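Notes follow the structure.
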Amino acid sequence: MVRLPLERHSVTKMNRIRLLVFNPALPVLDYKVPAHLSVEPGSLVLAPLGPRQVLGIVWEADRLPGDEVPEAKLRPILEVLPVAPLAAPLRRLIEWCADYYVAPMNAVARMALGSMAALRGGGTTTEYRLSGHEPKRLTPQRAAAMDALHGEQATIRELAAIAGVSEAVLRGMANTGILEPVTVDLDRPYPRARADFAVPDLSAEQRQAADRFIAAVDAEEFRPFLLDGVTGSGKTECYFEAVAEAIRRKCQVLVLLPEIALTENFLRRFEARFGTPPVLWHSSLKASERRRAWRAIASGEAQVVVGARSALFLPYARLGLLVVDEAHEVSFKQDDGVRYNARDVAVIRARFEKVPVILASATPALESLEMAEAGVYERVVLPDRFGGAQLPEIAVLDLRKEPPERGRWLAPRLVGEMRERLERGEQSLLFLNRRGYAPLTLCRHCGYRFQCPNCSAWLVEHRLSRRLSCHHCGHEVPVPDECPECHTGDCLVACGPGAERIADEVKELLPEARTALVTSDTLNSPERISEFVAAAEQGLIDVIIGTQLVTKGYHFPELTLVGVVDADLGLEGGDLRAGERTYQQIAQVAGRAGRGEKPGEVLIQTRHPEAAVIAALAAGDRDAFYAAEAEGRREAGAPPFGRWAAIIVSSEDEAEAREASRAIGGARPNLPDVLVLGPAPAPLALLRGRYRYRLLINARRSAQLQDVIRQWLASLSFPQGVRVSVDIDPYSFV
Ligand code: ADP
Ligand code: ZN
């Protein structure tokens, strides 16, 4: 259904309007509407501001406080943009997020808008493709480019990237007719997804789950579900049935995935089920794709959108269903700009839109489980793997009793198991959640340690790219030949393992094994991801070594052994969710084993087999883990039993940051249900060149936490260079 730009019959003409404006200093301004224009709440308009123009959203004046400007002083708006107004449920969502996350409303609203080009719409662009004309003589460069460009059609710049040649080479090829221009409509429609393209045979349990979702889609009302199913139980197949129902009802669907790396796999499954890929939304879309997607979403033409968390704020014309897959994932939490949690905002959006929302996970967050316990979320359980596959056997390998050889990280028993898999033609996977070769490099001679100049962090050695790099700010230097401090040559030692180092160790111990290193450094494009998946599926890889990138989504039937290289790594951070995160990561990566006919085995290397998380994993006792975790959180007053918030103060000037944090600390509220800790230097005391201090606020659930923080900060003012940000329900404590 395409919404008409104006619902004239329902709206009396607005003469005086209040705008939410995209200007940090002046977020709310009043204007008048000239006689020839007509607006309604949600309309996107251009208005004059001094000598310039600003973009604004017409807002209900009684919901957006502003200065009362006399009628005579109002300037007229200039233009109403030719797109559907932001609908009321989306406006309510924007207000809710601004209020809940203590964020500026225009910063939240910004996430609903595409580019200015998307708002204007229409128009064409020129793309190029091979014309079929082949000259007799070709330079080697042109010949190579022709090979690379088979089946491709894109702008010259994009083709240059695909073919790995300069744009000038391609322009030359266009001039001689090897490439031909094609005029492309920027708003051309997407192919239609077909609800019944390839309907699977569901198991009885899956059928039950799917039917509950379908009924909720049909009811067109707010119903939050927690789809709690073990790894390999077919959660995707089940929620696909609800997606199919939404397609039949001509409603739009949004599926949120935690990482683009998972998308490739998802796209293939989606296409197999619905006959065409979904519409994608993420930060690395080309400008033209972004604009096309935004317009199709706003017009209702895009049926199913698969996106990263930012897709949550788009102006869907007729949303019928929301799905958050791998809903426990930490990456749904945004930690800069508006600090929101997409999992929670998805539920709120569903409530405003009056549609069902499905949170799917094999290892739900404790918060989600508690909501299910309390009956707020409807819990749908898939207790078994599909097709009779068994969950893997999990065993603990105590590194204190079975240490690896000197200078190695893999214990002999684990290596022995890997060797057996190799001999049987099965696959193994080693998980270590740390990119690069070694997390710390030091000088053997003088003890110098390589540290980031912008952050309180060590530089991580990457052997593949021969660089030392900071994983917080991206600062990089080539690995030097000598120590920068004592100038001794050949004296640098790598301390500790990263995934690259484990891959090297596998090559030394099992030289005949074919290995694949899977990190965001090596699998950094959809093509690379597809290549990896294809190779793993065809049995061309014996040992996969990877970071959290390999813990979820993949289904390799021949993979029968998972080794967790260092289960204690995640517990070191010591933040509130360290135990839960470790549990989730290991349970998820364990879930990659034994998904086919052969049973799977998991070996967890640890120095703390007695830790509650490890013991629960080894015993396969999920309930025990969650019960212990819930008890700990209850005692600490942590979510979901109490609430946390953080205030983070930063400045390029150390003293300024410290002063500002002290001023905030000095003005702390004195309330019985709010406890303020700090200020203290943040664990990452220097980040991207800014010095950081933190205050932590622990509140009872009875406290009006956001109001308290707003009032507290409103009474203070800070120097220009100081940034104060509020993090409600923080995930990161660094
Ligand atoms: P989960 O997301 O719960 O880990 P998936 O949805 O990825 O599980 O399903 C695991 C595997 O089992 C996938 O390869 C999927 O295609 C297959 N599968 C699950 N249910 C069915 C079904 N009803 N018919 C055919 N294949 C299925
Ligand atoms: Zn850095």
Side-chain angles (χ1 to χ4, degrees), residues 198-211 213 226-244 255 257-258 262 264-274 323-329 358-364 380-392 436 439 450-460 467-477 533 536-537 550-559 584 587-597 600 650 652 682-692 734:
V199 182
D201 264 332
L202 298 184
S203 70
E205 276 167 355
Q206 291 176 335
R207 186 73 258 164
Q208 268 191 352
D211 285 345
F213 301 146
L226 177 62
L227 172 53
D228 183 355
V230 298
T231 54
S233 57
K235 293 185 288 297
T236 317
E237 308 292 338
C238 289
Y239 75 67
F240 270 2
E241 292 314 293
V243 172
V255 180
L257 297 182
L262 287 178
E264 229 20 55
N265 186 34
F266 182 90
L267 295 186
R268 287 196 309 165
R269 286 182 69 176
F270 188 93
E271 187 163 1
R273 172 66 183 80
F274 296 105
V323 179
V324 185
D325 205 347
E326 309 287 0
H328 61 278
E329 272 292 313
I358 303 170
L359 309 182
S361 174
T363 52
V380 176
V381 181
L382 295 175
D384 301 311
R385 282 189 159 178
F386 176 74
Q390 292 300 308
L391 283 167
F450 285 85
Q451 196 179 0
C452 177
N454 313 317
C455 307
S456 341
W458 306 125
L459 293 180
V460 179
R467 288 180 169 267
L468 295 169
S469 89
C470 170
H471 287 183
H472 297 286
C473 72
H475 173 82
E476 280 197 336
V477 289
V533 172
E537 283 177 351
V550 291
T551 56
K552 48 199 173 288
Y554 296 115
H555 180 77
F556 302 135
E558 292 301 317
L559 202 163
Q584 289 165 334
Q588 291 284 347
V589 73
R592 298 312 106 200
R595 291 170 73 97
E597 280 164 11
S650 72
E652 288 176 13
L684 255 172
L686 179 65
L687 178 65
R688 293 183 208 101
R690 300 182 70 87
Y691 293 89
R692 304 164 75 244
V734 299

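Everything quoted here is computed from the prediction, not taken from an experiment. Order of appearance sets the numbers: ligands from 1, and atoms from 1 within every ligand.
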Original post:
So with a 6.0 Å cut-off around CD of E597, is the heavy-atom count from everything else above 12?
Top reply: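 Atom CD in E597 is not packed in, count stays at 12 or less.
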Original post:
Are more than 12 heavy atoms from other residues, nucleotides or ligands located less than 6.0 Å from atom CD of Q208?
Top reply: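 Not more than 12 within 6.0 Å, no.
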**OP:** Determine, step by step, whether H472 and L684 satisfy the side chain to side chain contact (heavy atoms under 4.5 Å, CB included) criterion, reporting the C-alpha distance in whole Å, the side-chain angles of both residues, the deciding distance to 0.1 Å, and the verdict.
**Re:** CA-CA 10 Å; H472 297 286; L684 255 172; 3.6 Å; yes
Original post:
Between SG of C455 and SG of C470, what angle is found at the Zn ion (ligand 2), rounded to 10 degrees?
Top reply: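 Output for this angle: 110°, rounded to tens.
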With atoms numbered from 1 as shown, which atoms in ligand 1 lie under 4.0 angstrom from a non-hydrogen atom of [X]?
X	result
R595	4 (O), 7 (O), 10 (C)
H555	11 (C), 14 (O)
L202	23 (N)
T231	4 (O)
D201	22 (C), 23 (N), 24 (N)
V230	3 (O)
G234	1 (P), 3 (O), 5 (P), 6 (O), 8 (O), 9 (O), 19 (C)

Can an N, O or S atom be found in [X] less than 2.8 Å away from the Zn ion (ligand 2)?
X	answer
H475	no
H471	no
C452	yes

Subject >> Sole residue of R595, R385, R592, Q588 in side chain to side chain donor-acceptor pair (under 3.5 Å) with T231 >> reply: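 The single option meeting the side chain to side chain donor-acceptor pair (under 3.5 Å) with T231 is R385.
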List the closest protein heavy-atom neighbour of [atom]: residue, atom name, distance to the nearest 0.1 Å.
atom	result
atom 12 (O) of ligand 1	F386 CD2, 4.1 Å
atom 2 (O) of ligand 1	T236 OG1, 3.4 Å
atom 15 (C) of ligand 1	E237 OE2, 3.3 Å

Subject >> ligand 1 contact by G232, heavy-atom criterion under 4.0 angstrom >> reply: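 In this structure, G232 qualifies as a contact of ligand 1 - some heavy atom is under 4.0 Å.
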Could you tell me which non-hydrogen atom of [X] sits nearest to which non-hydrogen atom of [Y], and how far apart they are?
X	Y	value
C238	A210	O-CB, 4.0 Å
P258	D325	CD-O, 3.5 Å
P439	W458	O-CB, 3.6 Å

Subject >> R273/E237 ion pair, N-O < 4.0 Å >> reply: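 Between E237 and R273 there is no salt bridge, as every charged N stays at least 4.0 Å from the carboxylate O atoms.
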**OP:** Could you pull out, from Q206, K235, R269, the option with a heavy atom nearest to atom 7 (O) of ligand 1?
**Re:**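 Closest candidate by heavy-atom distance is R269.
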Subject >> Working for salt bridge (Lys or Arg N to Asp or Glu O under 4.0 Å), residues R268 and E537 >> reply: CA-CA 14 Å; R268 287 196 309 165; E537 283 177 351; 3.2 Å; yes
Original post:
Given the side-chain rings of Y554 and F266, with only the six-membered ring counted for Trp, is the space between their centroids under 6.0 Å?
Top reply: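 Ring-ring flag for Y554/F266: false, centres at least 6.0 Å apart.
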